[in-house]
Q: 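I am attaching a structure below and will ask some questions about it afterwards.
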Amino acid sequence: MRTFSKSTKLDHVLYDVRGPVVEEADRMIASGQTVLKLNIGNPAPFGFNAPEEVIFDMARNLRESQGYSDSKGIWAARKAIMQYAQIRKIPNVDIDDIYTGNGVSELINLCMSALLDDGDEILIPAPDYPLWTACATLAGGKPVHYLCDEKSDWVPDLADIEKKITDRTKAIVIINPNNPTGAVYPRDVLERIAEIARQHQLILFADEIYDRLLMDGLAHTSIASLAPDLFCVTFSGLSKSHMIAGYRVGWMILSGNKRVAEDYIEGIKMLSSMRLCSNVPAQSIVQTALWGNQSVESYVVPEGRVTKQRDYVISRLEAMPGVSVVKPKAAFYCFPKLDTAKFGIRDDMQFAYDLLRAEHVLIVQGTGFNWVEPDHFRIVYLPMLTTLEEAMDKLERFLQGYRQGI
Ligand code: PLP
C-alpha cells in the first residue's frame, strides 16, 4: 500500500510547541489528570482579556468585513500602523510599506520564503523564538545561530555575530524584547548591531511583538529608528500587547533604505497577494487597539499582574539550589539555567518529560529554542499566582530529588 510521509524539508525543523513532552501532557489531560501548563505564551486562558472596546468594534465591523481586502490590508489598519511607526521614529514609511498578516507568524514565513535561496545564510539568535529558524530552514536557507550572552543579561554577543558572517549572509534577525529570555536590548547594543549590518550590507529583521510589555519603567527602542540608511523589516501585532492572540493579527513595516531591496520587495508583494489577504475582521480592530486605552499598561506597572507574577517566579527560582536565572525585563517568559552536573542532566527533553510525569508541570526544554546545551528551560509566568505558587512548589520538590537516569 502506498503511504505518505511528511516532506523531508521538515526533517530539520524543530518546533517548541509540539513534540513528545506536549503529546504526553495531552494524554495526561485526556485521561483526566491536571497539568500545570507553563509552556505557552497564550494569554487568554489565564484570565487576560481583550479590551471590551476591541471586542465591540470587531463585532460591529463583521458585516463589512466579509470580502477580501487589499492584500496588504485595509487602509484604516495600515494608516494606524503607519502612525505607530511614526511615533516609534521608524523612518521612511509609507502606507504601502505596511503589510498585515494572520499574526506575525505568517509574515515571518512570508519574508523568509521571499528572501532565501538554497544555502543563503541568515543570522538568528540562540536562544530564539524557533519559528524563525523553522521558516528559514523551510525556505531552503541556512539558519546560523549567534549567541545571546546570559552573563550580560542575554544581550546578543556582538563578536559572535561578526564571527559568523560569511559572503552568503543576507540578514540578521533580532528578537527584542526577547522570547524566551525576556531581555530588552539597550540602545548602544542596537546601535552596534545596526553598525554590523551596515558594514556587511545585511537586512535587519526586528521581531518586536513584545514592544509594549516592558517592566521596571524601561522604554523600548525600535532598531529601525537607529538605521535610516539600512533596509529594515519590523514585526509586531496584537497577540501579546493586547492579549488577543486568537484573533490573529500582526503586521510588518518596511523602512529605511528600500532602494537596496526593490527586487526583494517585489517578492514580498507577490507572496502577499498569493495569500489574498489577512483576516479582515481582525484588521478592523487595529486602529481601536493601537490608539485606544492600552489596558496592557496596567499589567506591567510595578503593582501590575504580570510584574508581580514575574517577581514571584524569579524569587522562587533564585532560592532553588542548582538553579540560576536572569531576571526578565519584558514579555512573560524566563529562561532559567540548571546545574547539569548536580542533576546529571544530559538530555533536557528528558528533564521536561520527567518533571511532567512526576509533578504534572509542563515547561519547554531549552533546546526547543535552538539553545545547544541541555541546561536551560523556559517558564511562561502568565498563569494566576496561585497556579504559579503550586508549580514552583512542585518544581522545587522535584529538583530536590532529581538525578537524571537514576
Ligand atoms: N514572534 C515572537 C517572538 C513570538 O514569541 C511569537 C509568539 O509567541 C510570535 C512572533 C508569533 O506571534 P503571532 O501570534 O503574531 O503570530
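Each ligand, and each atom within it, is numbered from 1 in the order the structure gives. Small disclaimer: the values here were computed from a predicted structure and weren't measured.
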Q: Select one of side chain, backbone, both or neither to describe which atoms of Y210 lie under 4.0 Å from any atom of ligand 1, heavy atoms only.
A: side chain
Q: I'd like to know whether ligand 1 has S239 as a neighbour, heavy-atom separation below 4.0 Å.
A: yes
Q: A245 to ligand 1: N or O pair under 3.5 Å?
A: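 No, there is no polar N/O contact under 3.5 Å.
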Q: Should W132 be counted as touching ligand 1, given the test is an N or O pair under 3.5 Å?
A: no
Q: Where does K240 meet ligand 1, judged by heavy-atom distances below 4.0 Å: at the side chain, the backbone, both, or neither?
A: side chain
Q: Checking the side chain of Q365 only, and the main-chain atoms of P374 only, is there a donor and an acceptor separated by less than 3.5 Å?
A: no
Q: Check for a donor-acceptor pair, side chain of K164 on one end and backbone N or O of H145 on the other, with a separation under 3.5 Å.
A: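 Between the backbone of H145 and the side chain of K164 there is a qualifying donor-acceptor contact (under 3.5 Å).
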Q: Establish, yes or no, whether a centroid distance under 6.0 Å links the rings of Y210 and Y129.
A: no
Q: Give a yes/no verdict on a cation-pi contact between R305 and F46, requiring under 6.0 Å between NZ or CZ and the six-membered ring centre and an angle within 45° of the axis.
A: no
Q: Under 4.0 Å from ligand 1, counting heavy atoms only, is it the side chain of I175, its backbone, both or neither?
A: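 For I175, only side-chain atoms sit under 4.0 Å from ligand 1.
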Q: Under a 4.0 Å threshold between the charged nitrogen and the carboxylate oxygen, would K329 count as salt-bridged to D216?
A: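 No salt bridge links D216 with K329.
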Q: So, does R248 sit close enough to ligand 1 that a heavy atom of it is under 4.0 Å from the ligand?
A: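 It does, in that a heavy atom of R248 comes within the 4.0 Å cut-off of ligand 1.
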Q: Would F351 and Y402 count as a close aromatic pair, with their ring centres under 6.0 Å?
A: yes
Q: Would you kindly specify which portion of S105 sits under 4.0 Å from ligand 1, judged on non-hydrogen atoms: side chain, backbone, both or neither?
A: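 Both backbone and side chain of S105 come within 4.0 Å of ligand 1.
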